[in-house]
> 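This structure is in structure tokens; I'll ask about it shortly.
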Amino acid sequence: MTHQAHAFHMVDPSPWPLTGAIAALLLTSGLAMWFHFESTMLMNLGLIIMILTMIQWWRDIVREGTFQGHHTMPVQKGLRYGMILFIMSEILFFFGFFWAFYNSSLAPVPELGECWPPAGILPLDPFEVPLLNTAVLLASGVTVTWTHHSIMMSNRKEAIQSLFLTIMLGLYFTALQAMEYYEAPFAIADGVYGSTFFVATGFHGLHVIIGSLFLLTCLIRQTKFHFTSNHHFGFEAAAWYWHFVDVVWLFLYVSIYWWGS
């Protein structure tokens, strides 16, 4: 940064936004091909390009922030605002799913039997696997906070241990939800109940997988000594995202699993 008269980062030209856009196009087109023609070639190609783009783009950002000193305080401030706006957009994303659920459940139409859950639907017991999943996610919120405090205290060993534990809890949650889907007595095709249930909980499950990938990246960076007590926004962003996932699950549990059953 010594050659600049300002503290801002002028980003170098990068191919990754273009390859990311191509991957997104191939991935969505490939999903449509898979649904309609049972061909996964295009989807797999898009997935491979997306993964390679993610790895190389994140690698470049890590180099800029950790080794080249481009992530000054003004730059970090901009990154914080960006992450806050991203999480706000995700909140509005889930708001649409909750709107669909309450719109259907508060005034069930005659086609549903004028009751909720609709006639013929056997809902899941909210005090079995869903309650266990709630405990798992709440525990992961505690461990990710433990990680944050360990990083701020420069306690590297505890930071690695608690972050690893958080990732394990995230994977455990995903495995439990997959088992729940496999054993569910209804499907996504079972009217508005099935569609609202699987779309809302499924997208949340996708966010748990994405959050787990964020945290896994942070774990790798932590083992490589990338975070210091006053320079660790990469982890903070992942922790904010994880807490957002926790809070959304609490709303999902209370609304869809408990009240909706």
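What you see is a predicted model, and the numbers here were worked out from it, not measured in a lab.
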> Verify the neighbour count for atom CE of M179: are there more than 12 heavy atoms of other residues, nucleotides or ligands below 6.0 Å?
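Above 12, so yes.
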> Kindly say whether the aromatic ring centers of F197 and Y257 come within a distance under 6.0 Å.
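Yes, the ring of F197 comes within the 6.0 Å limit of the ring of Y257, centre to centre.
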> May I ask you to decide if A187's main-chain N or O and D190's side chain share a donor-acceptor pair within less than 3.5 Å?
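It does hold such a pair.
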> Can you measure from CZ (F227) to CD (E236) and round to the nearest 0.5 angstrom?
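The CD atom of E236 is 10.0 Å from CZ of F227, to the nearest 0.5 Å.
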> May I ask you to check whether N133 and W249 show a side-chain donor-acceptor distance below 3.5 Å?
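Not at all, the side chains of N133 and W249 share no donor-acceptor pair under 3.5 Å.
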> Less than 4.5 Å apart, side chain to side chain, heavy atoms only: is that true for C218 and L163?
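Yes; the side chains approach each other to less than 4.5 Å.
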> Donor-acceptor pair, distance only, cut-off 3.5 Å: does the side chain of S255 make one with the backbone of L252?
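Side chain of S255 to backbone of L252: no pair is present.
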> Say whether, by atom type as modelled, one donor and one acceptor occur between the side chain of T228 and the main chain of H231 under 3.5 angstrom.
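Between the backbone of H231 and the side chain of T228 there is a qualifying donor-acceptor contact (under 3.5 Å).
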> Centroid separation under 6.0 Å, is that true for the rings of H204 and F173?
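Ring centroids of F173 and H204 are less than 6.0 Å from each other.
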> Considering residues, nucleotides and ligands other than F233, do more than 12 of their heavy atoms fall under 6.0 Å from its CZ?
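Counting other residues, nucleotides and ligands, CZ of F233 exceeds 12 neighbours.
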> From W258 CH2 over to T134 OG1, what is the distance, rounded to the nearest 0.5 angstrom?
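It is 12.5 Å, given to the nearest 0.5 Å.
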> Would the H232 and H148 ring centres measure less than 6.0 Å apart?
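Yes: the rings meet the under 6.0 Å criterion.
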> Do N103 side-chain atoms and W99 backbone N/O form a donor-acceptor pair below 3.5 Å?
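Flag not set: sc N103 to bb W99 has no pair under 3.5 Å.
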> When the aromatic ring centroids of Y102 and W259 are compared, is their separation below 6.0 Å?
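Y102 vs W259: aromatic centres under 6.0 Å.
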> Flag yes if more than 12 heavy atoms outside F98 fall under 6.0 Å of its CZ atom; otherwise flag no.
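Correct, the count exceeds 12.
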> Can you confirm whether more than 12 heavy atoms, excluding those of M88, are under 6.0 Å from its CE atom?
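Counting other residues, nucleotides and ligands, CE of M88 stays at 12 neighbours or fewer.
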> Do W242 and S140 have side-chain N/O donor and acceptor atoms under 3.5 Å apart?
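A pair is found: one side chain offers a donor N or O, the other an acceptor, under 3.5 Å apart.
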> Mark yes or no for whether Q76, through its side chain, and H71, through its backbone, hold a donor-acceptor pair below 3.5 Å.
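Checking the backbone N and O of H71 against the side chain of Q76, a donor-acceptor pair under 3.5 Å is found.
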> Would you find a donor on one side and an acceptor on the other, under 3.5 Å apart, between the side chain of H207 and the backbone of F203?
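Answer holds: yes.
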> Take atom CZ of F94 as the centre, draw a 6.0 Å sphere, and report whether it contains more than 12 heavy atoms from other residues, nucleotides or ligands.
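It does: F94 CZ has more than 12 such atoms within range.
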> Are any side-chain N or O atoms of R156 and backbone N or O atoms of T223, one a donor and one an acceptor, separated by less than 3.5 Å?
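Yes, the answer is positive, given that a donor and an acceptor are paired below the 3.5 Å cut-off.
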> Nearest 0.5 Å, please: how far is CE in M168 from CG in L215?
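Here the rounded value is 11.0 Å.
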> Which distance, rounded to the nearest 0.5 Å, do you find between the CD1 of I151 and the CD of E158?
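It comes to 12.0 Å.
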> Could you go through W116 and F101, starting from their C-alpha distance and side-chain angles, then the distance that decides it, and tell me whether this counts as ring-ring contact (aromatic ring centres under 6.0 Å, His included)?
CA-CA 11 Å; W116 194 270; F101 172 76; 5.8 Å; yes
> Can you see whether Q56 engages W16 through a side-chain donor-acceptor pair at a distance of less than 3.5 angstrom?
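Note: Q56 and W16 side chains miss the donor-acceptor criterion.
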> Working to the nearest 0.5 angstrom, can you tell me the gap between L27 CG and W34 CH2?
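It comes to 11.0 Å.
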> Which value, rounded to the nearest 0.5 Å, describes the distance between T196 atom OG1 and I188 atom CD1?
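Taking OG1 in T196 and CD1 in I188, the distance rounds to 9.5 Å.
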> Using modelled atom types only, decide if a donor and an acceptor are shared between the side chain of Y193 and the backbone of S105 within a distance under 3.5 Å.
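No.
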> Are side-chain N/O atoms of T66 and R221 paired as donor and acceptor at under 3.5 Å?
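On atom types as modelled, these side chains qualify, holding a pair under 3.5 Å.
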> Under 6.0 Å from the CZ atom of F95, do we count more than 12 heavy atoms belonging to anything else shown?
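Not buried by this count: 12 neighbours or fewer within 6.0 Å.
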> Using a distance-only test with no angle check, is there a side-chain donor-acceptor pair under 3.5 angstrom linking T201 and Y181?
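The criterion, which ignores hydrogens and geometry beyond distance, is satisfied for Y181 and T201.
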> Taking all non-hydrogen atoms of both residues into account, name the closest pair between I87 and Y241 and its distance.
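For I87 and Y241, the tightest heavy-atom pair comes out as CD1-N, 4.0 Å.
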> Check for a donor-acceptor pair, side chain of T72 on one end and backbone N or O of A7 on the other, with a separation under 3.5 Å.
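Yes; judged by distance alone, with no hydrogens or angles, the pair exists.
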> For F186 and G194, work out which heavy atoms get closest and say how close.
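Taking F186 first and G194 second, the nearest heavy atoms are CD1-CA, 4.3 Å.
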> Identify the heavy atoms of L106 and P108 that sit nearest to each other, and give their distance.
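So the minimum-distance heavy-atom pair works out to C-CD, 3.6 Å.
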> Report yes or no: do T53 and T19 form a side-chain donor-acceptor pair below 3.5 Å?
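Judged by distance alone, the side chains do pair up.
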